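Beneath this line is the structure, given in structure tokens, with notes to follow.
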Amino acid sequence: MSTTDQPAGKAEITQWPRATNTGHLHGDYFPRAARVALADPQLRRNIGNATTIIREKRGSVVAELDDWAELRAAGAAIKDATMADLGDHLERLETEVAARGGVVHWAADADEANRIVIEIARRAEARDVVKVKSMATQEIGLNEALAEAGISAWETDLAELIVQLGDDMPSHILVPAIHRNRSEIRDIFRREMGNVGVPAPDGLTDDPPALAEAARIHLRNRFLTTDMAISGANFGVAETGTVMVVESEGNGRMCLTLPRVLVTVMGIEKLIPTWRDLEVYLQLLPRSSTGERMNPYTTMWTGVTQGDGPEEFHLVLLDNGRSTILADPEGRPALRCIRCSACLNVCPVYERTGGHAYGSIYPGPIGAVLSPQLTGVADNPSLPFASTLCGACYEVCPVAIDIPTMLVSLRAKVAADPDSGDARERAVFRSAAWAMSRPQRWTRLLRLMRLGRFLARRGSFRNLPPPFNGWTATRDLPAPPDQSFRDWWTAQRDGGGDA
Amino acid sequence: MRVALFATCLVDAMSPGVGKATVEVLERLGCTVEFPMGQTCCGQMHTNTGYPDQAAPMVAGFQEAFADHEYIVAPSGSCVASVKHQHEWIAAGQLTDRHVTEARRLADRTYELSQFIVDVLGVTDVGAFYPHRVTYHPACHATRMLGVGDRPLQLLRAVRGLELVELPEATSCCGFGGTFSFKNADVSSAMLTDKIHHVLSTAAESCVAVDASCLLHIGGGLSRNRTGVTTVHLAEVLAATEAP
């Protein structure tokens with residue numbers, strides 16, 4: 001496939017690491033991956049257009065609610081309280097699911113979760129499975145694991161279908177194909193649908209209803225003929241063992257109701273204790289994620305019901321690094337995340353690089369705090385630095401995750417890590433700190449800096465050596481003034497103040 | 001009213017004019033300005049790059065320099081945000097309980113310039129005259145961490161002769177982010193390109209902000225592109241008066 005066919009494909013942007021036990025959470029070195037993404041004007045235009053639209057929709061529906069601040073505080077508080085007793089709540093969930101005919105499995109990492117799902121598929125003699133859009137299964141690389149086991153997983157969410165047909169990776173939590181525009185989607189449908197099933201209709205245009213119709217025709221047969229479905233979960237309610245998926249298309253509901261066997265892979269942080277808690281999250285989530293007052297389809301199921309829906313239900317509870325986050329008081333708030341992706345849509349870095357540059361399937365600000373914590377900072381050392389700390393993410397987060405503060409704390413963990421810390425940088429900063437910690441040293445340094453004036457041209461630097469060349473490649477740096485503020489003060493005030 | 005000026009390391013080293021302008025405005029409004037010579041830096045650059053351990057002596061130094069002052073005013077939203085939101089964390093991790101208590105006490109006494117003028121002094125018209133067309137970039141930390149809101153705009157609107165033009169996509173970050181501008185120079189530059197595009201679209205003569213750091217960045221791009229558009233700190237606008 002030529003690069004013009006697939007300008008934003010994964011192959012051009014990141015090297016996905018070989019299989020590890022954490023799945024798709026590792027990235028390339030962000031600055032390098034970002035540089036590739038920035039060079040793709042189509043990608044930037046697609047993402048810029050899409051995030052602008054969602055951002056505006058979110059802004060208007062959030063502004064409708066007078067009690068948004070209270071809802072947001074409640075959203076944070078419920079999750080925090082749940083996390084404090086997560087073990088007890090999980091056991092309650094397991095008991096309730098089992099009491100209603102479901103089977104609960106515990107998976108410590110991605111590999112174990114994949115093995116469990118493959119085993120269920122083998123026992124069900126399923127060669128094909130349909131999938132509901134799910135971050136957890138993307139996180140663990142389930143589709144690839146199933147393929148290795150000879151089982152075909154078919155994505156049914158429209159955007160995931162586009163990603164899968166394009167041999168691509170998701171670049172956004174809510175809109176995995178956000179990096180594609182409609183003519184790229186038309187080309188993918190025309191080229192790929194016929195290779196794996198019902199082909200795209202002749203003369204398919206890039207008109208959105210025509211594209212949706214092509215997807216509907218392509219998927220219909222899959223829903224009717226596939227015996228097993230795999231989903232994620234937006235919430236799991238402990239008190240009744242109920243699992244829930246919110247979606248926009250109804251394709252999820254087809255998967256959740258038609259096949260004989262249903263497997264749900266749920267991160268352990270998706271748990272909430274009671275139905276009443278949903279009152280808060282079902283207001284926070286749709287408004288933050290799609291900018292809708294309520295999402296069109298909300299499907300809830302509790303165990304199995306004879307003669308209605310799946311005959312077999314398996315719930316795979318996924319840890320994959322979450323209990324490590326739980327143990328860290330500074331990192332724990334990341335587990336509040338309800339995967340709305342509002343932070344992606346407002347992030348000035350994400351808007352320019354798209355999601356693939358982050359490597360992990362959790363991109364954007366939340367990805368920059370979640371991925372390094374799930375894998376350990378040594379495996380994702382560049383992500384905590386992929387932010388200007390502008391705070392736009394924290395401002396919109398419906399569960400008040402203070403992402404900038406967490407990024408700062410993660411940066412300290414990276415710097416302190418013997419494998420990821422940069423010893424030279426640490427030494428440079430230590431020297432700076434030595435000079436900046438004492439006023440006498442600082443005063444002398446400022447006088448020394450004046451010598452730099454002789455090296456400047458017309459009052460500024462245009463081409464400094466590393467590490468400052470990153471700055472001067474695109475920006476001038478003014479020469480230091482001939483007198484620092486403190487020297488001016490001392491001269492003017494004759495040692496005034498309380499010197 | 002006695003006011004201790006926290007100039008910030010950047011203004012001290014690179015933009016002394018901003019410090020002088022801050023002194024001038026505060027004195028015009030009747031304050032007695034002091035400059036505790038023991039001050040250096042809030043430590044934010046070290047903290048945000050992953051070295052809170054190295055920032056700790058700067059936090060302790062800040063506390064020593066400003067211990068006796070009731071009002072600490074800085075011409076920077078970012079440095080004030082560091083004092084208010086990061087010093088306690090650094091003290092808790094790297095220093096003593098006494099430093100934690102002191103960090104909280106000084107956080108309550110530290111003000112960004114526009115907040116101090118509008119909220120504490122209760123003034124919006126500082127008697128400035130600045131006959132230029134300007135646009136205002138709301139610095140991220142001042143806006144989101146301190147909630148300065150429209151205080152800088154209230155002050156600017158009261159400046160005689162000043163024509164204020166709204167900046168498109170104003171709240172979008174300029175891409176500075178401290179060491180982000182080195183470590184992720186390409187993304188930083190892409191953000192700056194968009195910011196400069198918006199500044200130029202206003203046909204303003206100058207871009208105003210409350211942070212010398214954002215202005216160093218935006219100004220660096222405006223200068224590299226030989227746009228002829230300059231940057232000016234809010235304090236410098238407020239300090240300007242009609243020629244006597």
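In the text below, chain A, chain B and the rest are named by the order of the sequence lines, each starting its count at 1. Quick caveat, the model's predicted, so the values are computed rather than measured.
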Between Asp53(B) and Arg426(A), is the closest basic N to carboxylate O distance under 4.0 Å?
->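 A salt bridge links Arg426(A) with Asp53(B).
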
Salt-bridge present (Asp476(A), Arg226(B); N to O < 4.0 Å) |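 Yes, Asp476(A) and Arg226(B) are salt-bridged.
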
Return the option, out of [options], with the maximum number of heavy-atom pairs under 4.5 Å with chain A.
| options | value |
| --- | --- |
| Gly178(B), Pro16(B), Ser172(B), Gly177(B) | Pro16(B) |
| Gln39(B), His46(B), Met45(B), His141(B) | His46(B) |
| Cys41(B), Ala13(B), Gly221(B), Gly61(B) | Ala13(B) |
| Ser223(B), Ala56(B), Pro57(B) | Ser223(B) |
| Cys9(B), Pro52(B), Ser78(B) | Cys9(B) |
| Gly17(B), Gly220(B), Cys140(B) | Gly220(B) |

Contact part of [X] toward chain B, heavy-atom cut-off under 4.5 Å: side chain, backbone, both or neither?
| X | result |
| --- | --- |
| Ala479(A) | backbone |
| Glu425(A) | both |
| Arg447(A) | neither |

Select, from [options], the one with the greatest count of heavy-atom pairs under 4.5 Å involving chain B.
| options | value |
| --- | --- |
| Trp488(A), Phe468(A), Phe485(A) | Phe485(A) |
| Ala392(A), Pro467(A), Pro404(A), Ser409(A) | Ala392(A) |
| Trp442(A), Phe429(A), Tyr394(A) | Phe429(A) |
| Leu410(A), Val414(A), Val408(A) | Val408(A) |
| Arg441(A), Met449(A), Lys413(A), Arg411(A) | Arg411(A) |
| Ser460(A), Gly470(A), Pro439(A), Pro478(A) | Pro439(A) |

Is the closest side-chain heavy-atom distance between [X] and [Y] below 4.5 Å?
| X | Y | value |
| --- | --- | --- |
| Arg493(A) | Val23(B) | yes |
| Gln492(A) | Lys20(B) | no |
| Arg352(A) | Asp194(B) | yes |

Donor-acceptor pairs under 3.5 Å, side chain of residues 381-391 of chain A to any protein atom, not counting sequence neighbours: which ones?
residue   : atom : partner   : partner atom : Å
Ser382(A) : OG   : Phe30(A)  : N            : 2.9
Ser387(A) : OG   : Leu389(A) : N            : 2.8
Thr388(A) : OG1  : Cys390(A) : N            : 3.4

Below 4.5 Å from any heavy atom of chain A, which atoms of [X] appear? Answer side chain, backbone, both or neither.
| X | answer |
| --- | --- |
| Ser188(B) | both |
| Glu64(B) | neither |
| Met145(B) | neither |
| Ala7(B) | side chain |
| Leu222(B) | neither |
| Thr49(B) | both |

Counting heavy atoms not belonging to Arg438(A), are there more than 12 under 6.0 Å from its CZ?
->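 Check fails, neighbour count at 12 or below.
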
How about Tyr29(A): does its OH atom have over 12 heavy atoms from other parts shown lying under 6.0 Å from it?
-> no

Without swapping roles, check the side chain of Asp12(B) against the backbone of Arg486(A) for a donor-acceptor pair under 3.5 Å.
->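 Present.
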
Arg475(A) side-chain N/O to His217(B) backbone N/O, donor-acceptor pair under 3.5 Å = no

Identify the heavy atoms of Arg224(B) and Ala473(A) that sit nearest to each other, and give their distance.
->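 Taking Arg224(B) first and Ala473(A) second, the nearest heavy atoms are NH1-O, 3.3 Å.
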
Distance-minimising heavy-atom pair for Val349(A) and Val187(B) =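 Smallest heavy-atom distance, with atoms named: CG1-CG1, 3.9 Å.
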
In terms of ring plane angle, is the pair Phe35(B) and Trp489(A) parallel, tilted or perpendicular, where the classes change at 30° and 60°?
-> tilted

Hey, could you give me the [atom1]/[atom2] distance between [X] and [Y], rounded to the nearest 0.5 Å?
| X | Y | atom1 | atom2 | result |
| --- | --- | --- | --- | --- |
| Gln440(A) | Thr40(B) | CD | OG1 | 10.0 Å |
| Lys183(B) | Asp422(A) | NZ | CG | 6.5 Å |
| Thr443(A) | Met37(B) | OG1 | CE | 6.0 Å |

With Trp89(B), which residues qualify under ring pair (Phe, Tyr, Trp, His ring centres under 6.0 Å), at least two apart?
-> none

